[in-house]
Each structure stands twice: as structure tokens, then as C-alpha cells.
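Data block below; observations after.
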There are 2 protein chains.
Amino acid sequence: MEAYMSSIGSKLQMLTTSDHASVVSMNLFVALLCACIVIGHLLEESRWMNESIIALIIGLCTGVVILLISGGRSSHLLVFSEDLFFIYLLPPIIFNAGFQVKKKQFFRNFMTIMLFGAVGTLISCSIISLGAMQFFKKMDIGPLDIGDYLAIGAIFAATDSVCTLQILNQDETPLLYSLVFGEGVVNDATSVVLFNAIQNFDLTNINATIAWDFFRNFIYLFVASTLLGVLTGLISAYIIRKLYFGRHSTDREVALMMLMAYLSYMLAELFYLSGILTVFFCGIVMSHYTWHNVTESSRVTTKHAFATLSFVAETFIFLYVGMDALDIEKWRFVSDSPGTSVAVSSILLGLVMVGRAAFVFPLSFLSNLAKKSPNEKISFKQQFIIWWAGLMRGAVSMALAYNRFTSAGHTHLRANAIMITSTITIVLFSTVLFGLMTKPLIKILLPHPKHQSRSMTISSDPTTPKSFTVPLLGEAQDSLDDLGGQDIGRPSSIRALLTTPTHTVHRYWRKFDNAFMRPLFGGRGFVPFVPGSPTERNPQNQWQ
Amino acid sequence: MEAYMSSIGSKLQMLTTSDHASVVSMNLFVALLCACIVIGHLLEESRWMNESIIALIIGLCTGVVILLISGGRSSHLLVFSEDLFFIYLLPPIIFNAGFQVKKKQFFRNFMTIMLFGAVGTLISCSIISLGAMQFFKKMDIGPLDIGDYLAIGAIFAATDSVCTLQILNQDETPLLYSLVFGEGVVNDATSVVLFNAIQNFDLTNINATIAWDFFRNFIYLFVASTLLGVLTGLISAYIIRKLYFGRHSTDREVALMMLMAYLSYMLAELFYLSGILTVFFCGIVMSHYTWHNVTESSRVTTKHAFATLSFVAETFIFLYVGMDALDIEKWRFVSDSPGTSVAVSSILLGLVMVGRAAFVFPLSFLSNLAKKSPNEKISFKQQFIIWWAGLMRGAVSMALAYNRFTSAGHTHLRANAIMITSTITIVLFSTVLFGLMTKPLIKILLPHPKHQSRSMTISSDPTTPKSFTVPLLGEAQDSLDDLGGQDIGRPSSIRALLTTPTHTVHRYWRKFDNAFMRPLFGGRGFVPFVPGSPTERNPQNQWQ
């Protein structure tokens, strides 16, 4: 009894946390996040930097400092955990992307996006797998089986949609943004599905049946995930529209939207679907219906709260990847043969570039064939930027690599250690180098006459005003005029729309939306005026 | 190698989470949170219910369902964890309380609050400890040492500030709200300090030196925690004021405010201070300075986002406590002797009531002696409500009890199991029964002629409009007229203020604030007009 009590007493020096070391690391982490935000703001006008790169560099520097302080024993405070990444950090980022995406642009390019995201990822994965098999068999890196090679393909076929979001600008290059980002979301889903398939299927003998099963599995996942996201979004719209009629409570509305969005992601995980796709479509539906059913304060709050959560999660991920990169345990295996490691990384980087080129240019050509108007076609310069902007590898690759090649955060085999360090090298190299060069590259290739006034420059800030001016400006427009209400009239694209067959689909959708969906689920212009309802704009009551 | 790979393969059925059971429980939890919000909204007009009680009841029902499904083996999905509670759930609640509190009321009653929170908690703790010692020694509940008895005192002296926030209304009963809630915050801090002292000090021989050390420790903790909170708040105000001048970015501002607030809590934990006090004062400073330095969108977003986070955390806690209450392991020990358990719970509940009465009425008398104006005195009816509203025991008591009487979530000793089940019983009983009766009790004892119009009824909703109309209305007032800008002119209280000596302190503070603090850290009326700055109100650009 005495011993028992004293053991508790000694264990719990501090009541509130059982581990003081974790408090230290949390403090450091939160402080570094603040530093990233402040430095990111100071360097905002820079044409090279963006917040991802700053966070990555700060993370690396911190890693170095910790390595020096600990005398080379440890470099990271937190071990990179897939759970943390997939359960807490990724959902807000992808949800916010769906919530803020320009729906018209996204759906107009839907077929091209699917082509890039699904077929393209398969092509890229195959080329990387085959290439790795060819090259690595001749090198001395330890035993890798066919499953490992296919996993390598899936790991390096996963582009980094997070970094892309920070580099491309939705207002300046809407077509590129929607293509590259849309591809990124579908690509994430495809990579995860591919990776799971590789883990679960028996890969010793691949034949037509397995390929067909795989294809069916993918189609099922895609359709089911999308439907689940749409359904959850519609339920949230319905609940808020029906229950909150006439007596709105901002906090409950915001809480419900947040929780329902998260629920959609978790439900997808529950049913072994792609949470990324689900939460993305849930975001789209919520911004089209639910967002219009809530009070003005809720609209401002959700727009900014979701954007802020996403922004913090992005910064967190890059800081994390930067700090984890120098973990000494993984590099110990590699330090014996630095040449091999450099060779492996270079080969993989080359394969990533070739793999992406092998689908971007042919698929763009195919996509251009289907389009009649020259305005809709993807020019060669744009194809080049699409290729370039998708070369970055990020946290998804890291998470997949950790899942495949480590066991409980540790690497015991030489081949696995080399794969992990190569992944880290490629993530760092591609994010920093390609990331740094994307902004100038776009400026050179696509000179835009966009920066008219000071206020316009402010609102083309990559993080805020995209979520700030556009949807709220859009709201003042005529509600029946467009699909999503996020698009500010752009005559050339409307003309382009008229000449393409997607117009017909769009018109039918709009008819259906107006006749059936909006009366049921709300949406812009379909929430009738009652006192205290969101359509009432009483400045005295709402904001001074 | 083969075995190693296959073990990974079998371990990771699903890529995204290593444990499918945790996904199931997270889904259930998020869905239940949504249900609590919706049901809470539907029962909003009810004079008995509030969200805490609904969450508690839903949690209990879910516990019963799980118990039945699992065939009596398990009743909870997540084990109650102090870390989760103290690191993630409590900080947003207390920060939001500081952010939204009426600063004028709070500081006017500062001495009374300190008297209740510090001296009162000590009195209550002593009475409960001594009483428990007297009664339990005669009963057959197993070995308890002096440390255990003192811990019981600290555990049951911790009132539930979360539940109080939901039951009392800041607009209807401002004096009671500020007294009971202020007491709650100081009480939380006192209880935690007391509890830590009991865990760490050598209690076999208590003498004057140890008592003096204890007193010094408490004063140091209180002053240092407060200063840390104020300092972090001021730094956030300064950073946002200096850096963001002229080019504001809502997402960065919101992220920075959130992270700095959390950093203040974690820093307090790092230095072994009271995070609750720190984050509370950080919230007060942030709402006085930082909040006025940001854009209009950031103001709306922070107000509602903080309130929403706090609201979700509160609901989460009560759901959690409700679900955890039926954990079969703890009740197994008790089921042999239900009589003893009921007796222990009843004795403790009686001691809680006596312990609270023993300081509320004498200290109110003392406090009334110091006040000249009859408006400022606490009437007997108000004293009774203060006594009543502080009887609820909540998550802090649970967390402390778990810390003392369990080891890694398990209870192996009979005495410990009885203490845990008694704590659960008292938390459930006091929250549900006392909570249910508080609203009607206030209506009977203090009939208020407050409900003038429909819009007023809406804005006296317990969760939202407190954070919604008041600060934003307050902002339209003359900026130099009051301390915090949260108080809408109430002639009687201003008259009361004029006749009391606190007026002098208040006037000096305001002079200091205007001459030195506000020019440096911003604040209402002290942010000069520049294009793009928060004082610019361009409806086209900001909203709609």
C-alpha cells in the first residue's frame, strides 16, 4: 500500500500532465508555430518564400539545434505519427479546400481532373515502380520484394496538395489552381487506395482478375466516398435549415458544421472509404447549401475559422516534417554508404519527374482534343506548370513511407532505413527547391495583368482574402446566376462555357438544384426572410 | 523478413488508423456531440434543462446501451484521461470565459471573489477532510492515510465552473455571475494547488513552517500565474499591433491569438504554475487589447470561434463523464456492499454542502461589512444562490480523483474504488439534481423584469448572444467611458461605483491605461485609421 501510494506520488510530480518532457515539447512546438506565422507575415511580399518553406526551414533549424544540444542523440521532439496526420491534421485542410474551392471551375474541369488524378496517378505509380525495380535490383540496398516496389510507386505518386494550395493562387490562375488542386485531391485518394490495395492484395501473381478487382474497388471507393460526403453535407444543411428556423444560435451552428464535417471524415474511415474525398465533397456541399442557412456571424466565423484551422494544420505539418527529417536513428544506417543513399534519392527524384511527365502531357493532349473552344484548352506553358506544381512530395508520401517501412517509429532494416531517408530527402528537396521556384516560374510563363491596385494586391494574399473577399463578394450577386456563387463574372470563361457541352449538364443541374435541392436544403436566395433569420441584416444587432 | 512484413501487413489492415475500434468510438462520440447540440437546441426554451445535463444524460444512456450490447463487460469507449481534460478541454473553456467575462463586474468584485475562491476553498477543504476523517474511520472501507483524507478534501472542494457558466446568465444576474464564476476560476486554481501540495509535501507532521511554506507557495502561484497570463496577452497585442499595421490577414491574426492563448496555458504548465489562472487572465487582456487591433472579420471570428470551441469542449466533458460513469470495473468492488457506498456518498455530499455553507455566509457577511452602498451588498437570497450554484462538482473533481485513486485507469483497492464511485455519484447527482433546480430557484428568489422583447429573449440565450451582441454593441460606445467596454451603461451600478473606494483604483487604472497601455498595445479607440486597417469599415470589402 505504502509502496503503491509512493509510486503514484513519484510518478505524478505534476498533477496536470504525467510527463513534463511532453509539456516542454508542446511549448516549443506552439512557440515555433507562432514564429512561423509571424515570419510568414513578414516575408509575405517575398516572391520566393511561402509559409510551407518557412515552416520546413524553421523545423530543420530547430532539429539542428536539438541535435547539437542533445549531443547527437536525438533531433526530434515528437515522432512523426500517421494517426496524428491522417486523423487530425489532414481533414481540416482538405475540408477547407472543398469549402473554399471555386465550384464552377472545379466541376467544369471535372473530367480532366479525374483523368489526371486517377489515370495519371496509376501511370505515375507504374513508371516509378518499374523504374525502381530496374535500378534498385542492381544496387546494394538490401532485400525488397515486389510489394515494396509497388509501395514505392504509390508513395512517390502521391503529390502534395497542401503545398500546391499555398503556391498557386485561386484568383490569379483559376484554371491551373482547379486542375492542379483537384488532381491533388483525387491523387491523394488514388494513392491511398493503391497503397491499401498493395498492402492487402496477394501480389505474388498479378493477373486480369486481380486487376479487375482492383479497378472495381477503386470505382466503388470513389463513388461511395463522394456520395457519403454529399450526404453528410446535405444532412447538415437540412438540420440547420429545419431546426434553427427563426432562432439561430451562432455557436451551435458553427459547432454543428465543424462536427458534421469531421463526422463525414470519420464515417469514411469507419467504412474503409477515402476520407479525403468524402470530406472534400462534404466541404463543397456545405458551402453550397449549409453556409447559406446560417447567420451572418456564422458565415464570417466558419469561413475564417476553417481557413485558420487549415492554415495552422498546414504549418504544423511542414514544421513537423522539417523537425523529423534529422532523426538520427534513420540516418545511422545510411551514413555508412552515403553514395548509395544519394543515388537512390536521385533515381527516385528522376522517376518522379519522368512519371509525372508521362501522364501530364499525353493526358492534356487528350483533354484538349475533347474541347472545342481554344480558351478551354490547356496551353503548353500551362501543361508545364501543371507538371512542375505536381512534383512536390509532402506529408502523404511521408505518412505512407512510415507506414510501410517502419515499425512503431523505428527502422531496423537497412533497406527500410534507406527508403525512409530517401523519402525525407525527396520531400525536403522537392518542397524547398521546386516550391521556391514555382512562383517565379508562373510569373515568367504566365505574365498576368492582375495587380491593378493596392487593395487588389492585399486581397490576392495567398492565405486570407481568398476566403475573405471572394465568397462574401459573391454573395451580393444574383443568386441564380451561377452554380456555386464563388465565381466573379469572367466574360471569357462564360463564353467558353457556352460553347462546350458541359453547359448542358450544368443547365440541367441548375434546374434540378432550383426546383428540388434548394427549396429543401436552403442555399443562396432560398432562405426566406423571417426576423432573426440569417437573411435579416440588422447592423445594430449583428455587428454594431 | 517475411514474418516481419506480414506482421506489419496484418497489423495495418487500414492505412489511416492502426486501430479500427478507436475509429468506431470516435464516430460514436462525434455523432453524440452532434446529437447533444441538436437536442440542446430543441430543449432551449425549457426552464429545467441545459446542455450539460443533456450531455450527461445522453452519455449515461449510451453507457447503458454499450453495457447491454457488450454483455456487461464494458460501458465506456474512452477511458477518462486527465491529460485530455487538462491539456485539451479545459484551456478553451477557461480562456473563453476570460475573453467574454464582463471585466468591470469582475474587477469591482475582485476582493470578494478572492475571499471566496482562496479562503473559502481552504475552509471547505478543511471541513470536508476533517469530516471524512471522523466518519470514515468508523466505517469499513479499507485503509486510507492522512494524505488520502486531505486529497478527498481538495477533490470535493473543487466546484464546477463549467456547469455554473451554463446555468447563471451574465446579462440577467451580472453580480451573481461574476461572483460565482470568478470564485470558480480561483477555486479551480486553489484546489489544484492544494492537491499538488498534498501530493508533494510531507504530511506526517504538519507544523507552522509547512503551513507558511504552503501559504507562500499559493501566493507565488497566484501572482506568477496572473502575471504570465497578462504578459502573454500583452505580447500578442503588441505583435499584432506592430506587425500587422496596414496589411491585416484575418487567418494569421486568428491563428496567432489562438496559439498565443494556448501557449500561455502551456507555459504555465511548464513553469508548474496554474494554467487555469494564466489562461483566464490572458483571455481578459486579449479581449481588452488584442481584440481591438485586428480586422472586423477577425473580431467576429474570434468571438464565435472561441465560444464554439468552449461550447464543444463543455459538451464533450459532460458526455465523457456520463459515459465513463458506468464503467463496470469500478462498480465491481462496490456491488458487494452497496450500503457502504451509499453511506459514503451521502456523507460526502453532506460535507460538501456544510463545507460550502461554512464559508459562503460568513465571508459574505465580511464582504458586506466592507461595502457602504446597499446596492453593492450581497443579499441573503443572493448568498443562498451563491451557496447553491457552487454545490455542483464536475470534471475537475473527477480528474483529481482519478489522479489520486487510480493507477493507469484501473482501480485495484477497495477503498480507492469506493472513492472513485463516490466521486462519480456526487458529480452525477449534484450536476443533474442541483443543476436542474438552479434555474427555477433563481426565478423564484430573484424575479427579474428582464424579458422585454423577443429579440432580448434571443440574446439572453445562454450560449451565443452573450458573446454576440454584448461585445459588439459595446464597441459602438464611447471608448474612454469604461474599463473593458463590455458593460452596457447601468445607472445604478455606476452610482454604486462612485460611492465605493474601488472607484479611485479604477480611475488610476484608467488614467494609466489611457496614458501608457493603450498607445502601446492598442485597444478600443486607440487604433488609428489607415486604409486596410481594422478601423476602416468598408462593407463592400468586409462582408457582403
Side-chain angles (χ1 to χ4, degrees), chain A residues 1 8-9 12 14-18 23-24 26-27 30-31 33-34 37-38 41 83 86-87 143 192 195-196 199 239 243 247 249-252 254-256 259-260 262-263 266-267 269-270 272 297 300-301 304-305 307-308 311-312 403 407 458 461 463-464 468-469 472 475-476 532 543-544, chain B residues 1 8-9 12 14-17 23-24 26-27 30-31 33-34 37-38 41 83 86-87 143 192 195-196 199 239 243 247 249-252 254-256 259-260 262-263 266-267 269-270 272 275 297 300-301 304-305 307-308 311-312 403 407 458 461 463-464 468 472 475-476 532 541 543-544:
Chain A
M1 175 65 199
I8 288 190
L12 301 160
M14 182 65 191
L15 162 86
T16 44
T17 56
S18 41
V23 173
V24 174
M26 279 185 85
N27 265 297
V30 176
L33 277 176
C34 291
I37 293 170
V38 171
H41 177 77
D83 274 12
F86 276 111
I87 294 190
V192 173
F195 191 81
N196 280 334
Q199 300 275 54
I239 288 176
L243 290 184
R247 49 185 180 114
S249 153
T250 296
D251 297 352
R252 284 209 194 93
V254 176
L256 207 57
L259 289 171
M260 291 287 282
Y262 194 65
L263 187 62
M266 291 312 291
L267 279 174
E269 296 294 301
L270 185 68
Y272 298 103
S297 316
V300 178
T301 306
H304 291 294
T308 305
F311 170 62
V312 172
N403 184 299
S407 118
I458 290 175
D461 171 293
T463 51
T464 301
F468 171 36
T469 47
L472 297 158
E475 216 223 334
W543 29 67
Q544 64 152 299
Chain B
M1 176 66 198
I8 288 190
L12 302 159
M14 183 64 191
L15 162 85
T16 44
T17 56
V23 173
V24 174
M26 280 185 84
N27 265 297
V30 177
L33 277 177
C34 291
I37 292 170
V38 171
H41 176 78
D83 274 12
F86 277 110
I87 294 189
V192 174
F195 191 81
N196 281 333
Q199 300 275 55
I239 288 176
L243 289 183
R247 50 187 177 109
S249 153
T250 296
D251 297 352
R252 284 208 194 95
V254 176
L256 207 58
L259 289 171
M260 291 286 283
Y262 195 65
L263 187 62
M266 290 313 291
L267 279 175
E269 296 295 300
L270 184 69
Y272 298 104
S297 316
V300 178
T301 307
H304 291 295
T308 305
F311 170 62
V312 172
N403 184 300
S407 122
I458 290 175
D461 171 292
T463 51
T464 301
F468 170 36
L472 297 157
E475 217 223 334
N541 202 26
W543 30 65
Q544 71 135 325

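Convention: sequence-line order gives letters A, B, ...; per-chain numbering from 1.
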Checklist entry - Which atom pair, heavy atoms only, marks the closest approach of B/V312 to A/A255? => result CG2-CB, 3.6 Å

Checklist outcome for this item: Honestly, the part of A/I239 sitting under 4.5 Å from a heavy atom of chain B is side chain

Next on the checklist: Would you say that B/R252 contacts A/T308 through its side chain, given a criterion of any heavy-atom pair below 4.5 Å between the two side chains?
Outcome noted: no

Next on the checklist: Just verifying a value: how many Å separate A/H41 NE2 and B/L256 CG, rounded to the nearest 0.5 Å?
Outcome noted: 10.0 Å

Checklist entry - Step by step, would you call A/M26 with B/I87 a side chain to side chain contact (heavy atoms under 4.5 Å, CB included)? => result CA-CA 10 Å; A/M26 279 185 85; B/I87 294 189; 3.9 Å; yes

Next on the checklist: For B/L263 versus A/A31, what's the shortest heavy-atom pair and its separation?
Outcome noted: CD1-N, 3.9 Å

Item to check | Pairwise distance CD1(B/I37) to CE(A/M260) - rounded to 0.5 angstrom | outcome: 10.0 Å

Next on the checklist: Using every non-hydrogen atom in the two residues, find where B/L259 and A/C34 come nearest and quote the distance to one decimal.
Outcome noted: CB-SG, 3.6 Å

Item to check | Nearest atoms (heavy-atom pairs only) where B/D251 meets A/A307 | outcome: OD2-CB, 3.2 Å

Checklist entry - Looking at B/V254, B/L267, B/V30, B/N27, which makes the most heavy-atom pairs under 4.5 Å with chain A? => result B/N27

